[in-house]
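Here is the structure we will look at.
Proteins get letters first, then strands, A, B, ... in listed order; numbering begins at 1 in each.
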Number of protein chains: 2
Amino acid sequence: MSWSKDPRGYHHGNLKEALLRAALDLIAQKGPAGFTFAEAARAAGVSPAAPYRHFRDREELMANVARRGFEAFAQALTRAWDDGRPEPFSAFERVGRAYLTFARSEPAFYSAMFESGVPMEADPELRVAGDAAFAVLRAAAERLIATLPAAGRPPALMMALHVWAMAHGIASLFCRGDAARRSLPMPPEDLMEAAILVYLRGLGIDPVRPSSP
Amino acid sequence: MSWSKDPRGYHHGNLKEALLRAALDLIAQKGPAGFTFAEAARAAGVSPAAPYRHFRDREELMANVARRGFEAFAQALTRAWDDGRPEPFSAFERVGRAYLTFARSEPAFYSAMFESGVPMEADPELRVAGDAAFAVLRAAAERLIATLPAAGRPPALMMALHVWAMAHGIASLFCRGDAARRSLPMPPEDLMEAAILVYLRGLGIDPVRPSSP
DNA sequence: AGCTCATGTTAATGGGGTTTACATGACTTG
DNA sequence: CAAGTCATGTAAACCCCATTAACATGAGCT
């Protein structure tokens, strides 16, 4: 669905897209630090100065990759959450797994989003995209907490932050593609599922609460 | 407390140490990616090629910094754990706080240890140091789990991994010094303490279990 | 047809990573 | 003490990268 030589293209046609894709490939191969502006240009078949017509500098390109990453991430989490079907508990576990699946299947996006050092303030759209992704997690937490008796409900924001931190921690430590990954005596997804299980039990949220048995 | 001209030094005297300190400063200031071999050499008052007499390349220097970081980290955690005094529960919470305190007060070490992309296999001593740090966490988890009735004790390794991931996640997301830090409506330490509280309750470990009231 | 502007290219500057050949001086050894 | 040796630095060179400035080109409008 993507051509590097578009007949409609005169000079290049869609260098911006080509650069973003090249960056994604390079980040996936050599990490966010190993990615170079010049090499992305080379991959797109243009001179080293050409990218500057589309991105102020290397960091702006990285911020763009991160923004798209957050958008795809939010989509993936939303799809996993599936509006809490069939019931919030198992749906929430699905979200946890989806988090790790994304980190593993889109390492370039994940690196750009969380490990590239790009400040969220770099681009308002980046912040919006990042907030939208977190909002999915937060909404899910709210739904899950709503299943508890009204008295003594923990704050949903806190729960969302805890789950985010746990997922990010597991992803960072155990889901990396490169050699920096720590070894683990089990699949990261299992570790994540167990963590969520224990954590939710700590909040008083139990796995099986069928309202209509 | 540190001179660049040591009288005992002829050529330099202790370039290796000077480079390690310079690297630590530079990483603290500009992140693990911003640190350059040449600048460390400049800070030590030496030619750009001199560091190669002491480190194979930039990565080996980084691995050395990471190793020292793990050693200091293990010390900090051990001190916080204090052999479980006065009782394992509060001591464990202290370890959680100490984790974040280290990440915040030694950002250069923490970056080198977890965000520099240095593979643990780069140096056997690095792996040993890293394992030793994790061992503190694991030993603490074992002690805490031992307070539970023998039937249905959760695996201590899993618990240690969960706490590690949670602490690392919070540290990575919310304790960074640079602009990439996410904003948080509360101190990270409080978030961490709440997480441990909830998690331990999920495991059936309660705060107050005085065996001798 | 000709103008204009977005888009690329070339060339130049300034830095960093790394290697190779050379220099220096501290320590050892006869 | 004189000479050799080895660790430690230096200088120079090479290649790559980021970024900018001056120049070129061609698409689309008038």
Side-chain angles (χ1 to χ4, degrees), chain A residues 2-27 29-65 111-112 116-119 122, chain B residues 3-27 29-66 111-112 116-119 122:
Chain A
S2 60
W3 308 262
S4 33
K5 289 253 178 172
D6 188 325
R8 299 187 307 95
Y10 40 112
H11 273 153
H12 181 287
N14 46 0
L15 220 205
K16 191 163 185 172
E17 285 305 315
L19 288 173
L20 285 168
R21 267 188 287 108
L24 211 51
D25 289 347
L26 290 174
I27 295 171
Q29 288 171 23
K30 312 195 295 187
F35 148 73
T36 79
F37 222 37
E39 199 166 353
R42 211 176 305 136
V46 298
S47 77
Y52 290 87
R53 297 296 180 192
H54 300 274
F55 303 98
R56 187 168 21 79
D57 56 13
R58 188 180 169 284
E59 180 174 282
E60 187 173 287
L61 203 175
M62 189 73 81
N64 263 263
V65 173
S111 291
S116 66
V118 173
Chain B
W3 306 263
S4 34
K5 291 249 176 173
D6 188 325
R8 300 187 306 95
Y10 42 111
H11 275 152
H12 182 288
N14 46 0
L15 220 204
K16 191 161 185 173
E17 285 305 315
L19 288 172
L20 286 168
R21 267 187 287 109
L24 211 52
D25 289 347
L26 290 174
I27 295 171
Q29 288 171 23
K30 311 195 295 188
F35 149 72
T36 79
F37 223 38
E39 199 165 354
R42 211 175 306 137
V46 88
S47 79
Y52 290 88
R53 295 297 178 191
H54 299 275
F55 303 99
R56 187 169 21 77
D57 56 12
R58 188 179 168 286
E59 181 174 283
E60 186 172 290
L61 203 174
M62 190 73 81
N64 263 262
V65 174
S111 292
S116 66
V118 174

Between [X] ([atom1]) and [N] ([atom2]), how many Å, whole number?
X: Lys30(A); N: dC16(D); atom1: NZ; atom2: C1'; answer: 11 Å
X: Tyr52(B); N: dG16(C); atom1: OH; atom2: P; answer: 12 Å
X: Glu59(A); N: dA18(D); atom1: CD; atom2: P; answer: 13 Å
X: Asn14(A); N: dA27(D); atom1: CG; atom2: P; answer: 15 Å
X: Asp57(A); N: dA18(D); atom1: CG; atom2: C1'; answer: 9 Å
X: Met62(A); N: dA18(D); atom1: CE; atom2: P; answer: 10 Å
X: Lys16(B); N: dA7(D); atom1: NZ; atom2: P; answer: 14 Å
X: Leu61(B); N: dG17(C); atom1: CG; atom2: P; answer: 11 Å

Determine the minimum heavy-atom distance between His54(A) and Glu60(A), stating which atoms define it.
->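 Nearest heavy atoms, His54(A) then Glu60(A): O-OE2, 3.9 Å.
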
Glu59(B): partners by side-chain hydrogen bond (donor to acceptor under 3.5 Å, both in side chains), with sequence neighbours left out =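 By the side-chain hydrogen bond (donor to acceptor under 3.5 Å, both in side chains) rule, Glu59(B) matches no residue at all.
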
What is the distance from atom CD of Glu17(A) to atom CG of Leu20(A), rounded to the nearest 0.5 Å?
->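 Result: 5.5 Å between the selected atoms.
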
Start with the C-alpha distance between Phe55(B) and Met62(B), add both sets of side-chain angles, then the distance that settles side chain to side chain contact (heavy atoms under 4.5 Å, CB included), and finish with yes or no.
-> CA-CA 9 Å; Phe55(B) 303 99; Met62(B) 190 73 81; over 6 Å; no

dA7(D) phosphate, OP1 or OP2, under 4.0 Å from Arg53(B) side-chain N/O |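 Checking dA7(D) against Arg53(B), no side-chain N or O comes under 4.0 Å of OP1 or OP2.
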
Does His54(A) make a side-chain N or O approach to OP1 or OP2 of dA6(C) shorter than 4.0 Å?
->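 No, His54(A) has no side-chain N/O under 4.0 Å of OP1/OP2 on dA6(C).
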
With the side chain of Ala49(A) defined as its heavy atoms from C-beta on, choose the nearest nucleotide among dT19(D), dG9(D), dT10(C).
->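 So the side chain of Ala49(A) is nearest to dT10(C).
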
Listing, residues 29-53 of chain B side-chain donor-acceptor contacts under 3.5 Å, not counting sequence neighbours, or none:
from, atom 1, to, atom 2, distance (Å)
Lys30(B), NZ, Glu39(B), OE1, 2.9
Lys30(B), NZ, Glu39(B), OE2, 3.4
Thr36(B), OG1, Glu39(B), N, 3.0

Side chain to side chain contact (heavy atoms under 4.5 Å, CB included) between Leu19(A) and Lys16(A): does it pass, once the steps are laid out?
-> CA-CA 5 Å; Leu19(A) 288 173; Lys16(A) 191 163 185 172; 5.9 Å; no

For residues 35-48 of chain A, which residues have at least one heavy atom under 4.0 Å from DNA chain C?
->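 Val46(A), Ser47(A), in order of number.
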
